[in-house]
Amino acid sequence: MSDNASRDSFFALHHGLPRQGPGSDATTRRLLALCGPLPERPRVLDLGCGPGRSALLLAAEAGAEVTAVDLHEPFLDELRRSAADRGLDGSIHPLRADMGALPFPDGSFDLVWAESSAYAIGFDRALDEWRRLLAPGGTLVLTECVWTTGEPSPAARAFWERHYPLRTVTALSSAAVGAGYHVLGSLLQPEGDWAEYYGPLAAHADAADTAVPGMAEAVAGARAEIAMRREHGSDYGYAGFVLRPADPRWRTRPEAPGEAAAIRPLVAAAFGSEAEAELVDALRRDPDAWLPGLSYVAEAPDGSIAAHALLTRCRVDGAPAAALAPVAVAPAHQRTGAGQAVVRALLDAARLQGESLVLVLGHPEYYPKFGFERASAYGIRPGFDVPDEAMMALVLDEAAPVPRGTIAYPAAFGV
């Protein structure tokens, strides 16, 4: 049997499916929300678009101008028809191209989107090669198959080693941070996303003519994949990642040994008093509060410390969480992006260290840019009176339960 017959049968089996991988409109919307504010008419590149379910939603609901790329022309024809039927043909521009050799100039897009497709070139290569396509402040969204347990079954491990080696959400987030991105958010896709893909695929497999050269093998492959999910689905899943390149102007890193003496005057100068500097000193002395590796600085171009941000242990109804405070920027570097850079780097570090919930009492027009929401929406409240919109929470691990109840801060906060 020729490679052409195998390829043709694979695409014939998949032709007419609403999706070419696990997903749903609800997941696309959740990923879009994690991107934060977009330009009024964002320029979107949808890679491996298939029949274009995501492209259609992004054009209709985000007002996007979407360039939709796939190598399989029949998928693009499906998208052209769907876009015309919805009156979106002026907003969606299908293009046959290879996602590993894209023809676009640097900085062409506000949003690069790849649901169930980055595997075609590999997650790490996608991070490396697609970054150049993003305009300043642009965002990369990918979904990827991941291990959801540290001990997958031998059958699941053997299956995926043959097809596409998997990593965990934490390992992929670490790869993204190492490649120079911030993780704006990640999510584990619900089981229904698999049903939206495998339900129609199973029906196609049942109706396929296995006498066609290559079709029996295509059907067997699809059924084996569906059976693996049915029998070992607790071992793996699909996850979405929303990433943004780090600001190259600021080098961020954990506080180094001996730097407390340099951080203290910066904190005092940032707030115009010694109170916050004394708070940091007290938190350093409290072994129940101090979280090693979660005191971060941003360096100015001359190597001096431009900003500092700190996470310490707090609790919500006894469950561990992390309190973001204080965030301090040297007066000479305020309103330059140094504070934002150090906060994003600190949140990345917290995510990679396994923290699942961060709380902040701060300006309600500033912290939502990092994904913070009203803590009260999760049933979380401080033990003292503050404006509801000022007490905010950020969930870093959607797989972990979010505790409800009253926040208990370290004693140094005096509340």
Side-chain angles (χ1 to χ4, degrees), residues 22-24 26-34 143-153 156 166-174 176-177 183-195 229 232-242 288-289 291-294 311-325 343 346-362 367-368 370-383 386 388-410 413:
S24 63
T27 291
T28 299
R29 291 187 182 103
R30 289 175 68 198
L31 292 167
L32 184 61
L34 288 171
T143 66
E144 181 87 342
C145 200
V146 298
W147 292 124
T148 54
T149 175
E151 295 293 336
S153 65
L166 304 187
R167 286 176 277 178
T168 63
V169 168
T170 299
L172 291 172
S173 296
S174 180
V177 171
V183 181
L184 304 191
S186 65
L187 57 85
L188 194 62
Q189 296 177 223
E191 189 61 31
D193 283 14
W194 291 86
R229 180 66 193 172
H232 299 281
S234 61
D235 289 345
Y236 61 94
Y238 241 86
F241 299 85
V242 180
D288 294 328
L291 295 173
L294 295 182
L311 284 170
T312 51
R313 176 65 69 221
C314 66
R315 297 190 177 271
V316 177
D317 196 29
L324 175 58
V343 170
L346 179 60
L347 294 175
D348 287 336
R351 190 186 302 273
L352 299 183
Q353 286 192 199
E355 296 295 329
S356 60
L357 177 66
V358 176
L359 302 168
V360 67
L361 176 60
Y367 286 99
F370 304 103
F372 283 92
E373 305 172 276
R374 292 186 187 215
S376 60
Y378 296 98
I380 299 170
R381 296 186 182 279
V386 296
D388 184 61
E389 65 273 14
M391 188 74 245
M392 290 168 277
L394 173 64
V395 175
L396 297 179
D397 182 0
E398 290 208 351
V402 180
R404 300 170 61 90
T406 302
I407 306 166
Y409 282 94
F413 282 93

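Worth saying up front: this structure is predicted, and the values here are computed from it rather than measured.
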TODO: Applying side chain to side chain contact (heavy atoms under 4.5 Å, CB included), name anything that partners D317, two or more places apart in sequence or on another chain.
DONE: none
Open item on the list: Test of understanding: with side chain to side chain donor-acceptor pair (under 3.5 Å), list the residues that count as partners of T168, not counting sequence neighbours.
Closed with: none
Open item on the list: Which residues pass the salt bridge (charged side-chain N to carboxylate O under 4.0 Å, His left out) test with E389, not counting sequence neighbours?
Closed with: none
TODO: Report the residues that fulfil side chain to side chain contact (heavy atoms under 4.5 Å, CB included) with A33, sequence neighbours left out, ordered by chain and then residue number.
DONE: none
Open item on the list: Determine whether S24 and T27 satisfy the following criterion, side chain to side chain donor-acceptor pair (under 3.5 Å), listing intermediate values before the conclusion.
Closed with: CA-CA 5 Å; S24 63; T27 291; 3.2 Å; yes
- [ ] Would you please name every residue forming a side chain to side chain donor-acceptor pair (under 3.5 Å) with R315, sequence neighbours left out?
- [x] none
Open item on the list: Please enumerate all residues that pass side chain to side chain donor-acceptor pair (under 3.5 Å) together with T28, with sequence neighbours excluded.
Closed with: E115
Open item on the list: Can you list everything that forms a salt bridge (charged side-chain N to carboxylate O under 4.0 Å, His left out) with R374? Sequence neighbours excluded, please.
Closed with: D388
TODO: Please identify each residue that fulfils side chain to side chain contact (heavy atoms under 4.5 Å, CB included) with A375, with sequence neighbours left out.
DONE: I380, M391, A393
Task: salt bridge (charged side-chain N to carboxylate O under 4.0 Å, His left out) partners of residues 390-401, not counting sequence neighbours, each pair once - done: R30-E398
TODO: Fit a plane to each ring of F372 and F370, take the angle between them on a 0 to 90° scale, and name the class: parallel (under 30°), tilted (30 to 60°) or perpendicular (over 60°).
DONE: perpendicular
Open item on the list: Restricting to ring pair (Phe, Tyr, Trp, His ring centres under 6.0 Å), what partner residues turn up for Y236, sequence neighbours left out?
Closed with: W160, W194
Task: Qualifying residues under side chain to side chain contact (heavy atoms under 4.5 Å, CB included), relative to A349, sequence neighbours excluded - done: L294, Y296
Open item on the list: Measuring from atom SG of C314 to atom CG of L324, what distance do you get when rounded to the nearest 0.5 angstrom?
Closed with: 10.5 Å
TODO: Please name all residues satisfying side chain to side chain donor-acceptor pair (under 3.5 Å) with S356, sequence neighbours left out, ordered by chain then number.
DONE: none
